[in-house]
Amino acid sequence: MGRVVMYGSVSVDGFIADENDQPGPLFDWLVGGDVALDDSGEVKVSQASYDYTRPYWDQIGATICGRHVFDLTDGWDGKPPSGVDHVVVVTHRPAPEGWDPAAPFHFVDGVQAAVARARELAGDRVVEVAAGDVGGQALAAGLVDEVRMDVIPVVFGSGRRFFGSVGGQHLLEDPDVVIPGDRVLHVRYRVRR
């Protein structure tokens, strides 16, 4: 069984988007470098960011996100982002009207069911959970093995929190990866069990 990783780009003060659901400069590190991170030619990062991010992306078998992110991105036009094989969408609503049933998107009610479905789809590969409410729910339920953050040097002051509205304290181990890139600090924590 692959590990479950909560992941996202985050402001120094802990936000993944502002109050208008805009990421502002949180993804600038993905277009400010000179090393292509994928085949699109649009995503270019520093060598340090490439060396950290590309091997991780290659391990992802399924990504979990909430319906809010799915709707904001228009379902990535039916093509999972970053070359991921499957996207599991946590939602209480059915797939959008006219949605292609052959697209590798799976609509599931609840975080536990989403992680179980994503694990089936990913096999031994990583299950990635998007930061925000869904990621916070997965962490609170004890389903997350590690937290990866791409910390961006900006302060939002308010907006959508990296851990959503997770309640209570959840201990992480000391960071086992801290890598500076251009306009980003990559940090990885294992979840303390």
Side-chain angles (χ1 to χ4, degrees), residues 1-10 14-17 23 26-27 30 37-38 49 51-73 75-76 79-92 103-152 160-179 184-193:
M1 204 51 62
R3 67 191 189 283
V4 177
V5 178
M6 184 176 172
Y7 175 72
S9 289
V10 59
F15 296 99
I16 58 172
L26 293 183
F27 300 126
L30 288 166
L37 189 56
D38 66 10
S49 290
D51 292 345
Y52 174 71
T53 305
R54 184 73 256 170
Y56 168 66
W57 280 12
D58 290 342
Q59 296 174 34
I60 299 170
T63 293
I64 300 171
C65 70
R67 183 61 179 258
H68 184 71
V69 169
F70 175 85
D71 289 343
L72 281 174
T73 62
W76 296 279
K79 297 177 186 108
S82 307
V84 172
D85 295 333
H86 300 276
V87 174
V88 178
V89 182
V90 179
T91 182
H92 302 295
F105 286 75
H106 312 268
F107 299 86
V108 178
D109 187 5
V111 170
Q112 274 117 348
V115 171
R117 180 68 175 127
R119 281 189 156 152
E120 287 174 21
L121 295 164
D124 291 338
R125 298 176 72 201
V126 167
V127 170
E128 179 181 67
V129 182
D133 287 331
V134 167
Q137 290 172 33
L139 179 71
L143 301 171
V144 173
D145 300 309
E146 112 187 4
V147 174
R148 285 179 175 243
M149 306 171 104
D150 298 322
V151 183
I152 311 306
R160 295 205 174 264
R161 295 185 172 282
F162 184 90
F163 292 102
S165 57
V166 67
Q169 185 179 79
H170 301 276
L171 293 176
L172 307 175
E173 297 294 342
D174 289 338
D176 62 341
V177 172
V178 179
I179 298 173
V184 62
L185 179 66
H186 304 288
V187 184
R188 183 178 72 190
Y189 302 91
R190 305 255 188 235
V191 175
R192 186 176 287 183
R193 301 279 184 213

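Side chains included, hydrogens not; waters and symmetry mates left out as well; all remaining heavy atoms used.
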Taking every heavy atom of F70 against every heavy atom of T73, the minimum-distance pair comes out as O-OG1, 3.1 Å

Quick note, side chain to side chain donor-acceptor pair (under 3.5 Å) partners involving residues 162-172, not counting sequence neighbours, are none

Scanning both residues in full, the closest heavy-atom pair of A140 with V166 reads CB-CG2, 3.7 Å

Applied to residues 164-175, the salt bridge (Lys or Arg N to Asp or Glu O under 4.0 Å) test, sequence neighbours excluded, yields E173-R192

Residues at least two apart in sequence or cross-chain that pass side-chain contact (heavy atoms from CB on, under 4.5 Å) with P23, listed by chain then number, are L26, F27

What one should report as the nearest heavy-atom pair of A114 and V90 is CB-CG2, 3.5 Å

Sorted by chain and number, sequence neighbours left out, side-chain hydrogen bond (donor to acceptor under 3.5 Å, both in side chains) with H86 holds for H106

Sorted by chain and residue number, the side-chain contact (heavy atoms from CB on, under 4.5 Å) partners of V87 (sequence neighbours excluded) come out as C65, W76, P80, P81, V89, F105

Heavy atoms of S9 and I152 approach each other most closely as CB-CG1, 4.5 Å

- Determine whether R54 and D38 make a side-chain contact, defined as any pair of heavy atoms from C-beta on separated by less than 4.5 Å. yes

The ring pair (Phe, Tyr, Trp, His ring centres under 6.0 Å) partners of Y52 (sequence neighbours excluded) come to H186

Residue pairs passing the salt bridge (Lys or Arg N to Asp or Glu O under 4.0 Å) test with at least one member in residues 130-143, sequence neighbours excluded, are none

For F163 and L139, run side-chain contact (heavy atoms from CB on, under 4.5 Å): C-alpha distance rounded to whole Å, both residues' side-chain angles, the deciding distance at 0.1 Å, then the answer.
CA-CA 8 Å; F163 292 102; L139 179 71; 3.7 Å; yes

The side-chain contact (heavy atoms from CB on, under 4.5 Å) partners of A113 (sequence neighbours excluded) come to V108

Residues passing the side-chain hydrogen bond (donor to acceptor under 3.5 Å, both in side chains) test with D71, sequence neighbours excluded, are R67, R93

Check whether any side-chain heavy atom of Y7 lies under 4.5 Å from a side-chain heavy atom of D150, and answer yes or no. yes

Checklist entry - Taking C-beta and beyond as the side chain, do F15 and R160 meet within less than 4.5 Å on heavy atoms? => result no

Those residues at least two apart in sequence (or on a different chain) that pass side-chain contact (heavy atoms from CB on, under 4.5 Å) with D176 are R188, R190

When every non-hydrogen atom of V129 is compared with those of G135, the smallest separation belongs to CG1-CA, 3.5 Å

When you compare the side chain of V191 with that of D145, does any pair of heavy atoms fall below 4.5 Å? no

Please tabulate, for side-chain N and O atoms in residues 118-128, each donor-acceptor pair with protein atoms closer than 3.5 Å (sequence neighbours left out).
{"from": "E120", "atom 1": "OE1", "to": "R117", "atom 2": "NH1", "distance (Å)": "3.0"}
{"from": "R125", "atom 1": "NH1", "to": "D85", "atom 2": "OD2", "distance (Å)": "2.6"}
{"from": "R125", "atom 1": "NH2", "to": "D58", "atom 2": "O", "distance (Å)": "3.0"}
{"from": "R125", "atom 1": "NH2", "to": "I60", "atom 2": "O", "distance (Å)": "2.8"}
{"from": "E128", "atom 1": "OE1", "to": "T63", "atom 2": "OG1", "distance (Å)": "3.1"}
{"from": "E128", "atom 1": "OE2", "to": "Y56", "atom 2": "OH", "distance (Å)": "3.0"}

